[in-house]
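Take a look at the structure set out below.
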Amino acid sequence: MNKIFTSLLMLGAAFAASAQNFTVSSVDGPVANGATLSVGYDYNSEWDMYDWDPELTIHANKAGTYTISATASESGVVQFCGFTGQCTILKPSASRSASISAGQEVPMQLDIKGAFELLSKPVSLEVTVTDGSETVKFTVNFVNEDRSAGITAPAKAAGTLRFAGRTLNFSLENAATFTLYNISGRQVMSRALNGTGSVNLSAIPAGVYVYRCGTATGKVIIK
Amino acid sequence: MNKTFPKLFALLAGTLMLAGCEESIPADKRYTPISNSKPVRSVLVEEYTGENCINCPNGHVALEAIEELYNTPENLEQGVGVVAVGIHIPNWGRPVDKGGFIAPEAESLTPDEVNPPQAQVNRRSGLLDRNDWAKFIKEAIATPTRVTFVNSVLAEQRGDQMVISGAVHSVENFNDTRLHVWVVEDNIVSRQRQPDGSMVADYVHMNVFRGCVNGVKGSEFTLSRNDDRRFSFTYPIAAEWKPENLRVVVFVESQSFGVMNVTQNNLQINQ
C-alpha cells in the first residue's frame with residue numbers, strides 16, 4: 001500500500017513538474033518563485049574589470065510569448081541584452097517579449113559586466129518572467145563578494161576551496177565530489193575530494209567554468 | 001475651336017505652375033530625392049557599438065556583409081558605396097584613456113536611448129535594429145544626390161599631423177549644409193565581448209571612430225549651384241593610432257536632407 005502511495009505521489013510530482021510552462025535557472029540551479037539570489041563578482045585582472053553574471057536562463061516547456069520585466073534599484077548599472085538582439089542599460093526598468101519554442105533555452109542576459117570598479121553599494125534587481133498564464137518573480141542582489149576567490153556560504157561551513165592559478169587547493173570536513181563544467185554546461189572534469197589537498201587544473205583549457213563541490217557552486221576563470 | 005481651347009488652357013496652366021514653382025519654393029528646397037533600384041551614391045552608416053556589448057559582434061558581421069555587397073571596385077570607382085563608422089558608445093566599453101575606443105566626442109554623437117548594436121543611415125533613418133539595416137541602406141544608396149566630391153579627398157600624413165583637403169560640387173544652392181571630417185581606424189586587435197558572454201583578446205575591430213577633425217557639429221558649408229567649394233584641415237595623429245590603418249571620412253549633411261554625400265580615403269603615409 002505504501003509503495004502504491006509513494007508511486008502515486010511521485011507520479012503526481014512528475015505531473016506537476018511537467019505541467020510547468022517554463023523554468024528559470026541561474027548559475028546556482030533552478031530559481032523558484034519568490035527566491036532571492038546573491039551574486040558576487042568575477043574579477044578579470046587582464047582586463048581590470050568586474051563581472052556580476054547570474055547566468056539567468058528561461059527553459060520553455062511550452063511554446064509561447066514570454067515577457068521579462070526587470071527593475072534595478074540603481075539606474076544605469078544593470079544591462080539587459082537578452083531576447084531582442086540589442087543591449088540596453090536599465091534606467092532603471094525594461095520589459096521585453098519574445099516567442100520561445102518548446103524545449104528551447106534562452107539566456108536572459110541580465111547582468112553587470114565590464115565594470116571598472118566595485119559597486120558603490122549593493123544593487124538589487126526585481127525580475128518577473130511570465131508567459132501570460134504562469135509567472136515567476138525573483139530578486140537578484142549583486143554584491144561585492146569575489147566569487148572566484150572561494151566557494152559560496154553553504155560549503156564554507158564544510159570547508160574551503162581556493163583557486164590559485166591552475167591549482168585548486170581544498171580543505172574539506174567531509175568527502176565531496178568536485179565537478180567542473182564549461183559555460184555550455186558540459187562536464188570537463190570530476191574528482192572525488194577528501195580532507196586537505198590540491199588538484200592540478202593545467203589540462204583545462206583557459207576559459208570561464210562553473211564548479212560544483214557538494215552543495216556549493218561557483219564560477220571560476222581559468223587562465 | 002473645341003480643339004484649340006484645351007491646348008491654350010494647358011499652356012496657360014503650365015506657365016502658371018512653372019512661375020509658381022520659381023517664386024514659392026526656396027532654392028535650397030528644390031531638391032527632392034527620388035529613389036530607384038540602382039546604387040547611385042555613397043551612404044553613411046553610423047553604427048553604435050561597444051567592446052563590452054555581447055550582441056555587437058553580430059552587428060559587425062551584418063555590416064561587413066552589407067559593405068561587401070556594395071563596396072565593389074566598380075561601385076567605388078563611381079563614388080558609390082557604404083561608408084561605415086563604428087562609434088563606441090559610453091556604458092559599453094572603455095574610454096580612450098583606459099585603452100578603449102570611446103572617443104571624447106562619442107557621448108555627443110550618441111543618440112538618446114540607443115540600444116547597441118543599432119545604426120543610423122545617412123542621419124535620416126532614425127535608430128535601426130540590425131535586421132533593418134540592409135533595407136534602409138538599399139533605399140538610401142539608390143537615392144540620387146545633388147552633391148558630389150570633386151576627385152578624391154586627399155588625406156596625407158605630415159609628421160605627427162594629417163592634412164586633409166578636397167572640394168565639393170553642388171548642382172543646387174544649399175544654405176543649411178555642414179561639412180564633417182572624421183578619422184576612423186581599422187584592424188585594431190583588442191578585446192571584445194562575444195555573444196556567449198566570454199571576452200576574446202584578439203578581436204579585430206574595424207571602422208573604429210577616432211575623432212572629429214572639425215568638431216562634433218562640423219563646419220558651416222553653404223553650397224552654390226554649379227560651384228566647387230574647397231576645404232582643408234590639419235589634425236594631429238594620436239600616438240596610439242597606427243597611421244597605416246587610418247582613413248578619413250568626409251560627409252556633407254543638410255538639415256533638410258540628412259547626409260547628402262560621403263566619401264572616405266586612406267591616409268597616405270609619408271615614409
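Note on naming: letters A, B, ... go to the chains in the order of the sequence lines (proteins, then strands), and numbering restarts at 1 for each one.
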From [X] atom [atom1] to [Y] atom [atom2], the distance as rounded to the nearest 0.5 Å:
X	Y	atom1	atom2	value
B:Asn91	A:Thr88	CG	OG1	9.5 Å
B:Glu113	A:Lys91	CD	NZ	5.0 Å
B:Asn52	A:Gln79	CG	CD	6.0 Å

Answer yes or no: is there a side-chain heavy-atom contact under 4.5 Å between [X] and [Y]?
X	Y	answer
B:Asn115	A:Cys87	no
A:Asp51	B:Arg193	yes
B:Pro116	A:Gln86	no
A:Met49	B:Arg191	yes

All heavy atoms of B:Gly93 vs all of A:Phe116, minimum pair found to be O-CZ, 3.5 Å
Smallest heavy-atom separation, B:Asn55 atom then A:Gly85 atom, equals CB-O, 3.1 Å
Any chance [atom1] of [X] has more than 12 other-residue heavy atoms, nucleotides or ligands included, within less than 6.0 Å?
X	atom1	answer
B:Glu107	CD	no
A:Glu117	CD	no
B:Gln255	CD	no

Strictly below 4.0 Å, N to O, side chains only: are B:Arg94 and A:Asp48 in salt-bridge contact? no
When the 4.5 angstrom heavy-atom criterion is applied to B:Asn58 and chain A, the contacting part is neither
